[in-house]
Amino acid sequence: MDSVSKVNIRSLLDQVAALSAGIIAYPEGDRTHPVTISYAELRNQALQRASWLKNRAEFRPRGVILVHFQRHLDNITWFWATILAGSVPALSPPLVSTSEGRKAHFKHLHNMLQDPLLLSRRDLLAGSFGENEVLRTVAVEEFEDAGLKETALDNPTCSRVNGNGEAHVGDSDLAVLMLTSGSSGNCKAVCLTHQQMFASIRGKLAVMPVSDGSSVLNWIGLDHVASLMETHLLAMYAGVDQIHIQAPEVLSNPLLFLRLLSKHKVSMTFAPDFFLRKLLAMLDTTSEEAKQEFDLSKLLYLVSGGEPNNVDTGSRVTTHLQSLGVSPSNLITPGFGMTEICAGAIYNRNFPDIDIKAQREAGALGSTIPGIEIRISPIDANEPKAETQSNGVSGGAANKAGVLEVRGPVVFSSYFNNDEATKAAFTEDGWFRTGDLGTIDAEGQLKLEGRLKELININSVKFLPYEIEGAIEQARIPGVAPSFVACFSHLETSTGPEEIFVVYQHDFASDDIEARMSTLHTLMRTVILFTSARPRVLPLPPGILEKTTLGKLSRPKIQNALAEGKYKDQVLFNDRVLQEYQESHFSGPSNDNEHKLVAVFKETLGLDKDVNIDMPILDTGITSVDLIRLKRAVEVDFGIEDIPMITIMTNTTIRSLAEAVQKLKASDLSSVYQPVVTLQPHGSKTPLWLFHPGVGEILVFLALAQHFPDRPIYAMRPRGFNPGEETFQDLADLHATYYNALKQKQPTGPYALAGYSYGGMVAFELAKKLEATGDEVKFIGSFDLPPYIKHVMSRLDWTGCLLHVAFFCDLFSEDRADELSPEIRSLSKSEQLARVLAEANPVRRAELGITLTSLDTWTEVTFSLANIGRNYDPSGTVSCMDVFFCDPLRGVAASREEYRYTQLNRWEEFVGNDLKFHEVDGQHYTMISPERVPKFQQKLKNVLSARGL
C-alpha cells in the first residue's frame, strides 16, 4: 500500500476497508471458533461507535479517552471509535493488584490526562475500577443495549474530520497516547503522532517485509506498543490478515502457538526468550509423527524482545522450526524497542549466526531501521559525546559501554502534560536518553548492558542487576524458583552505604528452616563471589511476586513495595528464623589460638559480627589479596616468620587453621614439596586442573575456583616458593612431576586441564601424556597462550622477570616497568630488588606483604620457569582444545584480531579437528582478575558443559 497516500491513521482505515483482509480473533477459552471481521466491517463498527460517542454528554472533542478492555476485539474496535470520533485514545494497561496502588493510579490518570473519559465494560468497571472515585466512566454495553449496531451512519466521512467537523488532522498531530509501565513511580503518557507511527511502520517493513497472502499473529494486549505497532497497524498497512489470541492460551500451550502459525499462514509474530525456552522444551519432547501437522513454510520472523536472547536456545529452536518448514536461518529476530520509539526500531537480522561467530551467550540487538539514529554517549556527562555517522550508528571506540541515545522521525517528541519529564528525557542537542546502557561493536551491532538508573554502586564498583540475577539463575540454587529473582540497590538509611538486595520466590515450605538456611548460604556465596559484597536476602512465598505479560519481574515495583513496607510481615518472619537458627548453630572460639584468629579475621576482612569458627573461610568472600593480608597478619600475631600459603589455603575454617598454626609453632617449618593445591575440594563433577602462569602464582586462580562449588578444583604450584625447595631445572622435570601428582590425586579420567598463559603449554603437554596412555581428556583449555612461546621467553632475563612480577602484582604500571628496565639492568640483583620496592605503590606492597626476600624468591621462581621454557618447541597433537583469548601482551600483537589469526590459530597444527576459540573481556593480565571472573567463569562453565563436563 506504499503507493497510497496516508495523511493520518484515519485514512489508513479508510484505505484498507477496500481490501479483503481483516481480523481473526479467538475469544478467551475458545481455540477453534474465532470471530472474523474484515477491515471494512471494522471501519463500519468503529464509525457506528464513534457516532454514538460524539452524542454522549460526557464526550469532549480532542479530549482523552481511556480504552480499557480485556478482549482484543473490544480494544481494537473502541480504539478506532475514539480515533474516528475525534478524540485521543489512551490505551490502558492492566491494573496493579493492590487497592492502594489502584486508587493512586486512578488519581494520577485523572490529573495527567486532564479528566479523561474511561471506556470499559460493566464487569471491569465494577471489579478492577470498583474503587474509582475520580475518573468519568462509560460502560460500552450502553451502546450495545441501545441496538445501534445496524443503524445507518449519520456521517460516513467523519473519519476525515476532527472532533469539531473542521479540517482533517495533519500527520504531525497527536494520534495516540501510550502509557508507560510506571514501574518506578507514576506512569507517563507518550505522545505518538501520525507521522511518527507511519515512519515506524515503514521502517519495520523495510527490514522485515510481509508477503501478500500471509498474516501476522499477536497474543499481547493492545495497550503494549508492540501489539499496536508491530501487529495491528503494521498488518493494516501491509494489507494482510491479523490473528489475535489471548496470552494465557499461548503461554499454557506452546504447541497451540505452532498450530495457529501453521493454520493461518503467519509470516510474522512475537516470541520473547522465555517463551522460546517453553517452546524448545515442548519441541524436544514432541514426537516426529506429531510434528507432521505443522507447516511453517510462510513463517519469516519471530520478533523477540523484552529480555536478552540466549544464543543456544535460539539456535536450537531455529533447527526445530526448520524441520517444520521454516526456510530462513535468521527467523528469530531479537530487537530493541520502547514506547517512545513506537516499539521495535533496532533488529538483529543475523541471529543466531552472527552471535555464534562472535561467541556471545546473549544475542546482539542488531542495527537500526530507516527513521532512527543511535549513539552511545559516556556515562560521565563530562566526557565528550560521540560523533554520529551517516549509517545511523555513533562513532567512537567500539564496544565501549555508555548510554544509548536515539533520534529521528521514529522517536517521540514529548510526554503528554509533562514538560519537566520531556525536558529531562532529551539532551541539549536533541537526542532522546533511553536510560539503557549499551555497546556498539565494530560491525554496528548494538548490545544492551542494563539500565543506567539500575546500576548498583558497591565501594565505587558498579554492577548491573541483571548480571547478578544471571549469576544466581545460572547457579541453579535449590530453593530458588527459576526466573523469580530480582536484585537492586538498597539504602538502609539515607547516610548509610549502598547494599545489594536480593528478593526471590522460594519453592520450599515456609517452615522448612534447613532448606531456607541452605538456600541462603548458597545464594549469599554466589553473590559474594560475583560482587565481593554481602547481600541482603529476602525469600517470598509463591503468589507475591507478579510477572508482566512478557514474563518479566519489575525490579522497580518490587523495590518500591519493599520501601513501602508491603513485605514487612515476610521480613520480620525471615529475620526471626535467621536469628533463632544462628543462635542454635553458632560455634564460638574455645581457646587462645581460636580467639586470636577470630580477632585477626575480623580486623583483616572488616567483619563487624561474631565469626563462627566452623564457617568456611571462602564464605566470607575472601579474595587473593585478602588471603595474602590474612597470611601476614597471622604471622605477626602468632610470631611465626613465614606460614606457607598452602597452610592457609588448605585449612578452610578458623578451627582447622588454628590447629595447623599450633602445629607450625611447635615444629620445623620446612616441609616436603607438594605440587597439588586444592582450591575447591567439593563436588561430584569432573575435577578441573589449573596450571600456573609464568610467574608461578596459583592465587591468581582463587577467584575463579570459588565459582565452582560443584566441581573439585586443583592447581599445581611450582617448586621454589617455600624454604628448602629448589626450582625446576628443565621442562621434562616439571612435566613429569605434575603428571605423577595429577595421576596420584585423580587416577582415572575423564580429565579437564586448563592453563593460564605459560600454563597453557603445561596443560597441552600433560594432555599429550594422558592421551598417549589411553586416558580420556575431554577439556584442554589455553587461557591466552599461542603454541610458539620462544620469542616471549627469550625476552625474560632476570631483570625482565623481576619487572614482570612487579606489574603482575600491580606494584606499578607496565609503562613504568618498561621505563625502569634500561635504568636497573646494569645494577646488581640486590640493588634491582631495592629499586623496584622503592618504586612500588606502598599500599599495594603492604597489602601483599611483599619484602625483599619474598620478591627475590618470586623472581627466582619466575626466572626458572622462563629459562626452562626458552627452548620449548611444541610437537604432537591432542584431540581437542579451547583457546580463551583477550587483549594480547604488549609487543606480541597490535590487536586481538591480529593475535587471534596470526598466532593463536597456529594451535591448528597441534589439535585434531576440534579446536575452538572463545573471546573474553580484559587484557592478558586481567582476564581472570576478580573483576573479570564473573563473566569469564560463565563462559568457562558453558564450554565445560558443551564438552560434556
Non-hydrogen side-chain atoms of [X] and [Y] separated by less than 4.5 Å:
| X | Y | answer |
| --- | --- | --- |
| Y756 | L690 | no |
| K768 | F910 | no |
| T877 | V911 | no |
| P874 | M761 | no |
| K685 | L949 | no |
| R711 | P687 | no |
| N593 | V661 | no |

Item checked: Residue from E776, K743, E765 passing side-chain contact (heavy atoms from CB on, under 4.5 Å) with L770 -> K743

Next item on the list: Compute both the distance and the angle, then confirm whether K778 meets the cation-pi test with Y751: under 6.0 Å from the six-membered ring centre, within 45 degrees of the axis.
Entry: no

Item checked: Ion pair check, K769 and D775, cut-off under 4.0 Å ->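 Salt bridge: no.
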
Margin query: So that I can tick it off, tell me whether D312 and R316 are bridged by a salt bridge, with the cut-off set at under 4.0 angstrom between side-chain N and carboxylate O.
Written below: yes

Short side-chain donor-acceptor distance under 3.5 Å, [Y] and [X]:
| X | Y | value |
| --- | --- | --- |
| D887 | H924 | no |
| T859 | T862 | no |
| H804 | Y925 | yes |
| E909 | Y788 | yes |
| T727 | E860 | no |

In Å, rounded to the nearest 0.5 Å, how long is the span from [atom1] of [X] to [atom2] of [Y]?
| X | Y | atom1 | atom2 | answer |
| --- | --- | --- | --- | --- |
| L731 | F728 | CG | CZ | 10.0 Å |
| T313 | L280 | OG1 | CG | 6.0 Å |
| N310 | R277 | CG | CZ | 8.0 Å |
| L796 | L865 | CG | CG | 10.5 Å |
| H918 | L940 | NE2 | CG | 9.0 Å |
| F708 | Q680 | CZ | CD | 10.0 Å |

Next item on the list: Apply side chain to side chain contact (heavy atoms under 4.5 Å, CB included) to E594 and R655, showing your working.
Entry: CA-CA 7 Å; E594 291 172 355; R655 187 189 298 276; 3.7 Å; yes

Margin query: Under the criterion ring-ring contact (aromatic ring centres under 6.0 Å, His included), I'd like the reasoning laid out for W907 against F764: C-alpha separation, chi angles, the key distance, then a yes or no.
Written below: CA-CA 10 Å; W907 277 115; F764 170 72; 5.2 Å; yes

Margin query: Assess the residue pair E919 and R360 against the criterion (salt bridge (charged side-chain N to carboxylate O under 4.0 Å, His left out)); give the C-alpha distance rounded to whole Å, side-chain angles, the decisive distance to 0.1 Å, and a yes or no.
Written below: CA-CA 9 Å; E919 186 173 1; R360 285 188 278 256; over 6 Å; no

Check: Would you say D284 has more than 12 foreign heavy atoms packed within less than 6.0 Å of its CG?
Finding: yes

Notebook entry, point to check: Which is it for W858 and E697 under the side chain to side chain contact (heavy atoms under 4.5 Å, CB included) test, yes or no, and what are the steps along the way?
Noted result: CA-CA 9 Å; W858 203 335; E697 182 54 73; 3.6 Å; yes

Check: Within the distance-only criterion (no hydrogens, no angle test), does the side chain of N942 pair as donor or acceptor with the backbone N or O of Q938 below 3.5 angstrom?
Finding: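 Here the side-chain-to-backbone pair exists.
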
Next item on the list: For salt bridge (charged side-chain N to carboxylate O under 4.0 Å, His left out), just list the numbers for K916 and D914, CA-CA rounded to whole Å, side-chain angles, deciding distance to a tenth of an Å, and then say yes or no.
Entry: CA-CA 7 Å; K916 292 181 171 64; D914 198 358; 2.7 Å; yes

Next item on the list: Could you pull out the closest heavy-atom pair between F884 and M927, with the gap in Å?
Entry: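 For F884 and M927, the tightest heavy-atom pair comes out as O-CE, 3.9 Å.
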
Checklist line | Nearest heavy-atom neighbours spanning Y758 and G694 | finding: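 For Y758 versus G694, the nearest heavy atoms are CB-N, 3.3 Å.
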
